[in-house]
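Below is one structure, written out as structure tokens, with a few remarks after it.
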Amino acid sequence: MSIQVLTSAPGGYVRFESTEVVGADRWRRTEDVRIRFCNGDFVIVSGRVARGLEQLGIIPH
């Protein structure tokens, strides 16, 4: 499944396949979450976006 999400970077949207996600963790001491992909890349999303992706089963809890 292809997903497009708003990132925490200015003006940033990213599209990725749900099968590419390998993990997620809090980014520093903020509510932001870093989503890691199998190719080594990552993207930073807000805590709200991350909670939505968790509810959809895209990223682990």
Side-chain angles (χ1 to χ4, degrees):
M1 173 190 325
S2 183
I3 308 275
Q4 183 173 351
V5 297
L6 176 64
T7 68
S8 292
Y13 280 92
V14 66
R15 180 179 299 268
F16 60 88
E17 295 292 324
S18 59
T19 57
E20 297 175 342
V21 176
V22 294
D25 50 21
R26 294 280 174 224
W27 181 247
R28 301 189 181 164
R29 295 180 186 239
T30 66
E31 294 235 352
D32 291 347
V33 173
R34 177 177 62 171
I35 301 172
R36 293 176 281 116
F37 302 104
C38 56
N39 66 0
D41 289 345
F42 67 91
V43 65
I44 308 298
V45 298
S46 71
R48 183 175 183 181
V49 169
R51 283 188 295 278
L53 292 173
E54 287 173 351
Q55 290 174 348
L56 291 171
I58 304 300
I59 59 175
H61 292 267

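Both Leu53 and Met1 are part of a single hydrophobic cluster, where members link through side-chain heavy atoms under 4.5 Å apart. Using a 4.5 Å cut-off between side-chain heavy atoms of Ile, Leu, Val, Met, Phe, Trp and Tyr, with links allowed through other members, Ile44 and Val14 fall into different hydrophobic clusters. Clustering ILVMFWY residues whenever any of their side-chain heavy atoms sit less than 4.5 angstrom apart, transitively, puts Ile58 in a cluster other than the one holding Val22. The same ILVMFWY cluster, assembled from side-chain heavy atoms under 4.5 Å apart, contains both Ile35 and Val5. By the rule that hydrophobic residues join a cluster once side-chain heavy atoms approach within less than 4.5 Å of another member, Val49 and Leu56 end up as members of one cluster.
Between Ser8 and Val45 the shortest heavy-atom distance is OG-C, 3.4 Å. The nearest pair of heavy atoms linking Arg36 to Ala24 is NH2-N, 3.8 Å.
Within the 4.5 Å cutoff, the side chain of Tyr13 has no heavy atoms near those of the Thr7 side chain.
Remark: side-chain polar atoms of Arg26 are paired, donor with acceptor, to backbone N or O of Glu31 under 3.5 angstrom.
The structure places CG of Asp32 at 14.5 Å from CZ of Arg29, a figure rounded to the nearest 0.5 Å.
Around CD of Glu20, the count of heavy atoms belonging to other residues, nucleotides or ligands within 6.0 Å exceeds 12.
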